[in-house]
Protein chains: 2
Amino acid sequence: MVKVKDLPENTLNRLVIYLKVLDNLEKKRIDSISSDELARRCGVNSAQLRKDLSFVGNLGTKGVGYSVKTLKYHLKKFLGRDHEWNLVLGGLSPLGEYLLSNKNLQRDGFYFMAAFDIREENIGKIINGVSVYNLEQLSYVTKAINVDMAVITCEETPEIYYEAFAKHNIKAILNLSPLPFFPESKEIQVENFSFIFALTKLSYFLKNLKQS
Amino acid sequence: MVKVKDLPENTLNRLVIYLKVLDNLEKKRIDSISSDELARRCGVNSAQLRKDLSFVGNLGTKGVGYSVKTLKYHLKKFLGRDHEWNLVLGGLSPLGEYLLSNKNLQRDGFYFMAAFDIREENIGKIINGVSVYNLEQLSYVTKAINVDMAVITCEETPEIYYEAFAKHNIKAILNLSPLPFFPESKEIQVENFSFIFALTKLSYFLKNLKQS
DNA sequence: AAGTGTGAACTTTTTCACAGCT
DNA sequence: AGCTGTGAAAAAGTTCACACTT
């Protein structure tokens, strides 16, 4: 078996951006675009964009450029966005409630099937059609439906949810709690994000701007 | 003037993680830690951690390790988190309302001073003590108070807010709208994030997991 | 003529491995 | 003896520049 060189993390980040920007171009009824122009709109240079796209396939036409529709189609497929995914939520914070109520996620193929919490007063609530169960009932839910991903939105102790989800064979986790964590196993993928992270990067930038 | 080698983006990302993990260690009353152990908790290897910290200073003690408290102190200072920042919000979506109501941001030194929208029905609302103004009134606010950062949480057309903020000399922007954008000028720093981005990275991971 | 796809050159980042301090 | 800080080596990622296709 030939070992295919795997996708660099930053290339993945950029491909996700290209997809979103293409989606927007399609809405604006733009049919065709060059790597130069698309790169400009994505904040990268065109050689980078072409190299990134070469991981996906030969999608352009020499001398012409890219078809917005075709490129979007192949990117979606490459990124696993050509079909729907089932999600569960762990930790019913205000952020969790926001996500359960957010219709945009469904429009992009991400469906919350159930939510879990450990606080008795939350169990049994129904938010935008999604029921909140006790975390101990996770086995029943994973037996009944196929769960692809979990989103953790608790405000503390994300480990409790992480361990339960990992034990039930959920391999992809978006951790939006304030505390990042990192799986031992490479079988499980965790994306950590918090608003404080993003704001801290900006505070670093501003501090250095003022000094120079 | 000697050009100091500037901080790689990924190093910055990791420093932000180290800070948060140290914060948690301090809460757990752990006084001292080795690079090996801290690296493990941050999902990196210890050489990487030590190299990253060398951008901040000589903060450890050979043969001993790092003082949690001291390291946290220096990291906070290095990242510009040793004082408070004034924020404004653009686009009063449910996500925007969530952020305005979120007390954790204040605890970490990020204060929303005002919010802006372009829809008449939202103007004049007060959310968690923060008033919503018409975007056209931005000049009055920026004259009255020093605005450091802006957070865009509209559900479409982020450019409208971006242009207004840039024109009023706001240099750091967190864009949480679905559409990423990239400033022409390097004087302005934009962080783009959306939940769909993060979930798409997970969908790519799952797609490839299943194939192998 | 225009613009992609890609080896090769270059640059940056990561990891290694050990001198040096406690 | 133990663990940091850091040059040097290795690996990875980016940019260049041009052959090639439409």
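Here the structure is a predicted model, which means the values were calculated and not measured. Throughout, a chain's letter reflects where its sequence line sits, starting with A, and its residues are numbered from 1.
One can place CZ of B/F55 at 12 Å from P of C/dT12, the figure rounded to the nearest angstrom. Residue A/N45 contributes atom CG, which lies 12 Å from atom C1' of D/dG13 at whole-angstrom precision. To the nearest angstrom, P of D/dG2 lies 18 Å from CD1 of B/I33. The separation between A/E9 atom CD and D/dA12 atom C1' is 14 Å, rounded to whole Å. The CG-C1' distance, from B/L53 to C/dT13, rounds to 16 Å in whole Å. Atom CG of B/D6 is separated from atom C1' of C/dT11 by 13 Å (rounded to the nearest Å).
B/D36 comes within 4.0 angstrom of no nucleic acid atom, judged by non-hydrogen atoms across all strands.
Annotation: A/F195 is in aromatic contact with A/F193 [ring centroid separation under 6.0 Å].
Checking A/K62 against A/D52, the closest nucleotide of DNA chain D that is more toward the 5' end is the one next to A/D52. Residue whose closest nucleotide on DNA chain D sits further toward the 5' end, between B/S34 and A/T61: B/S34.
Listed nucleotides: C/dT14, C/dT13, D/dG5. Nearest to the side chain of B/R50: D/dG5. Here the side chain of A/R14 is nearest to one of D/dT14, C/dT6, D/dT6, namely D/dT14.
Looking only at distances, a side-chain donor or acceptor of A/S203 sits under 3.5 Å from a matching main-chain atom of B/L79.
Residue pairs satisfying the salt bridge (charged side-chain N to carboxylate O under 4.0 Å, His left out) criterion with at least one member in residues 53-65 of chain B, sequence neighbours excluded, are absent.
Between A/K76 and A/D82 there is no salt bridge, since no side-chain nitrogen of the basic residue lies less than 4.0 Å from a carboxylate oxygen of the acidic one.
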